[in-house]
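First the structure, in the form of structure tokens, and then the observations on it.
Fair warning: this is a prediction, and the values are worked out from it, not measured in the lab. In what follows, chains are A, B, ... by sequence order, proteins preceding strands, each numbered from 1.
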There are 2 protein chains.
Amino acid sequence: MAAPSPVSPLARPFPALGAVRGARFAVGAAGIRYKGRTDLVLAAFAPGTTAAGVFTRNKCPGAPVDWCRSVLSGGTARGLVVNAGNANVFTGRAGREATEATAAAAAALLGCGTEEIFLSSTGVIGEVLPHARITAALPALGEALSETAWEAAARGIMTTDTFPKGALRRTRIGDTEIVLQGIAKGSGMIAPDMATMLCFLATDAALPAPVLQALLARGVAGSFNCTTVDSDTSTSDTVLLFATGAAGNPAVDDADDPALAPFAEALDSLLLELALLVIRDGEGATKLVRIDVGGAASDESAHRVAMAIANSPLVKTAIAGEDANWGRIVMAVGKSGEPADRDRLSIAVGGTWMAREGTVVPGYDEAPVVAHMKGQELEITVDLGLGDGRGRAWTCDLTHGYIDINGSYRS
Amino acid sequence: MAAPSPVSPLARPFPALGAVRGARFAVGAAGIRYKGRTDLVLAAFAPGTTAAGVFTRNKCPGAPVDWCRSVLSGGTARGLVVNAGNANVFTGRAGREATEATAAAAAALLGCGTEEIFLSSTGVIGEVLPHARITAALPALGEALSETAWEAAARGIMTTDTFPKGALRRTRIGDTEIVLQGIAKGSGMIAPDMATMLCFLATDAALPAPVLQALLARGVAGSFNCTTVDSDTSTSDTVLLFATGAAGNPAVDDADDPALAPFAEALDSLLLELALLVIRDGEGATKLVRIDVGGAASDESAHRVAMAIANSPLVKTAIAGEDANWGRIVMAVGKSGEPADRDRLSIAVGGTWMAREGTVVPGYDEAPVVAHMKGQELEITVDLGLGDGRGRAWTCDLTHGYIDINGSYRS
């Protein structure tokens, strides 16, 4: 295992999260892979808590993803067990046995059925998860459950992450005040085609599971699914949202109910904040880059162009070198395979248009662009000049740090 | 511009190329971007030479690609002008004017129409090509044309390449001996969805242009289009094949004529050798990796899975670290989106099966795998266990050298 990486220069301090009534956490050290740190998180939810989940589209998902997909159909949740250090992926029958044993132990502890226990694992692929260490550690966590252990939980699920990630929103449903907060982890193998590595959210809102699922799916589409570190989609990507109902808001049974608009907006914004925290901790990242594509044939097309730019190693190394290399952006637009007309293409960096309608802007002033490239948060804007489609993506730069981390860490 | 990179550890010596009767080359220094080296190549072909070409699928191709596509419909060639240092891409009207002026100068020099002149440019994107330097240099090249300047031509088209690339085949059409040889350049922005950066081939065979085109397209599909350095498809990828007819072989008018089988085989093999030379010179490469995928739902599906593995930054950094990290291979199979069943998947490295049917082989001997990973030429084999589809891809590892080169070189 490589030495721990230095904290990302793009890190953000962990915010002051409060409690979400009905959601409690506890953290322990099960020694699954790491020594001298926490690696196991247990969450307990009040009876009646509803659940929604979005998972990786990778065709070789881990056993815990299979488990969550299966139990999610029930729509309710009483517990969540997350471990770091071993992803329980590509472990065959042993992987399924590990999920069954872990869920049974958590269900016994929390007094519920296994179909109300959610599971998530992150870390090495292909090694059998020593689940006996988890089940042995769980009872002590059951004693320690607390509504205020959010930051500890965020630390307990880290792998190559260099800082813990959390975010908070306060909103309303009707006249009822609602709290919505979450934690996430992720640093490499980040090209979520559904979700990032792991993200867990809880709210005290009272919402039926189908409504929660619809809101979460929309929110993930506009946040995690628009981000990439390295184009590699993990086998374990999982976003789970639990609604305890403790707020006692008026009943809502349609995701499109106008009463839910502030909540949906808060959820979208929370998901985006967490997704960007993951990109800020992208392996080796020194710059956070937002890519806006307009003038596309459709929104879907704009999204794919933005992701092609965000995933291009040549664009990302140029950004690392603080080179506003719009030639590589042209290349990435063209390689996306989406409708594009070279002679209508315009490109701006940091708001300065460098190229318009297929050629460099004569005598453009490079000074503001050079200054912008030296910053930590960069903006690239592309206008395809074809239609009204718009899309946005976020990525980080590709640096020596990425090679250092991934040439030695077995993940 | 970065300091020149050291020669790739995977380099191969330039072979002893002979003459292809009817094809002559000359090389000069036009000072387009580089100082103290050749950067301009002129080729002249005998009257009656037929031509075939395959070009980038990037939607923002360079002006020379547009030019070649346009003149290729004539099916004959008398000349070729190639420059290094400036790709003449994303240069708008100025780019078209540069191609017209260059073709006119070459046509005047060679006594033919502009529609028999092919053009190719490689280097920086987005800067206007100073074509007057090319047209000023051409007359001296016209005086120097020689049938034996192949290696000089291979050197004259290099950009970030660290060694010149050429290959040779001798074959037969009927009883007639045929020579077939080519040169290539390319090192980064290599994910040819059609061809690599630049590859030029000539043969003394007498073949109609449609036959030549059919053979070239098939050969490129099985060679350049199965290779990747960094997943970034260039705007300038071009493979051109010229057949001078000097061999005087019996007429053949069908690409599927059995008399062409040895020639087609030689062409396929030549294209693959040149494509692999490009991968051997992949930016920062220290290892050449072949990926064989079998048991897929179809050959196309196997190809896409092989390319997903070949393009994965996590697989490529693991290879750089000499880590037989099959967990990342599982991830890459799954992210390809192709049909895959985790529990039927088997993976071998260097012929040693590490994982079978969805789980690690119990107690497999890691020693031969570790030894294989330390070599320069690696083999990864994946069996999806689903059907009969097979595919193969080649790539290189992802190292600090790639970051060094691309964090500073403006391409």
Based on non-hydrogen pairs under 4.5 Å, which of [options] is most in contact with chain B?
{"options": "A/Ala320, A/Gly126, A/Ala318", "value": "A/Gly126"}
{"options": "A/Pro339, A/Ala355, A/Ala332, A/Gly337", "value": "A/Gly337"}
{"options": "A/Leu398, A/Val333, A/Asp341", "value": "A/Leu398"}

Please classify the contact of [X] with chain A as side chain, backbone, both or neither, using a heavy-atom distance under 4.5 Å.
{"X": "B/Glu322", "value": "neither"}
{"X": "B/Thr399", "value": "backbone"}
{"X": "B/Arg96", "value": "side chain"}

Result of checking B/Val360, B/Thr359, B/Leu345 against A/Phe90 for side-chain contact (heavy atoms from CB on, under 4.5 Å): B/Leu345
Check: B/Pro61 main-chain N/O paired with A/Arg342 side-chain donor or acceptor under 3.5 Å: yes
Choice from B/Gly92, B/Ser336, B/Gly358 maximising heavy atom contacts with chain A below 4.5 Å: B/Gly358
A/Ser346: side-chain hydrogen bond (donor to acceptor under 3.5 Å, both in side chains) partners, not counting sequence neighbours: none
Part of A/Ile319 lying under 4.5 Å from any heavy atom of chain B: neither
Pairwise distance NZ(A/Lys335) to OG1(B/Thr56) - rounded to 0.5 angstrom: 11.0 Å
Any side-chain heavy-atom pair of [X] and [Y] under 4.5 Å:
{"X": "A/Asp343", "Y": "B/Arg93", "result": "no"}
{"X": "B/Asn58", "Y": "A/Met331", "result": "yes"}
{"X": "B/Ile125", "Y": "A/Arg328", "result": "no"}

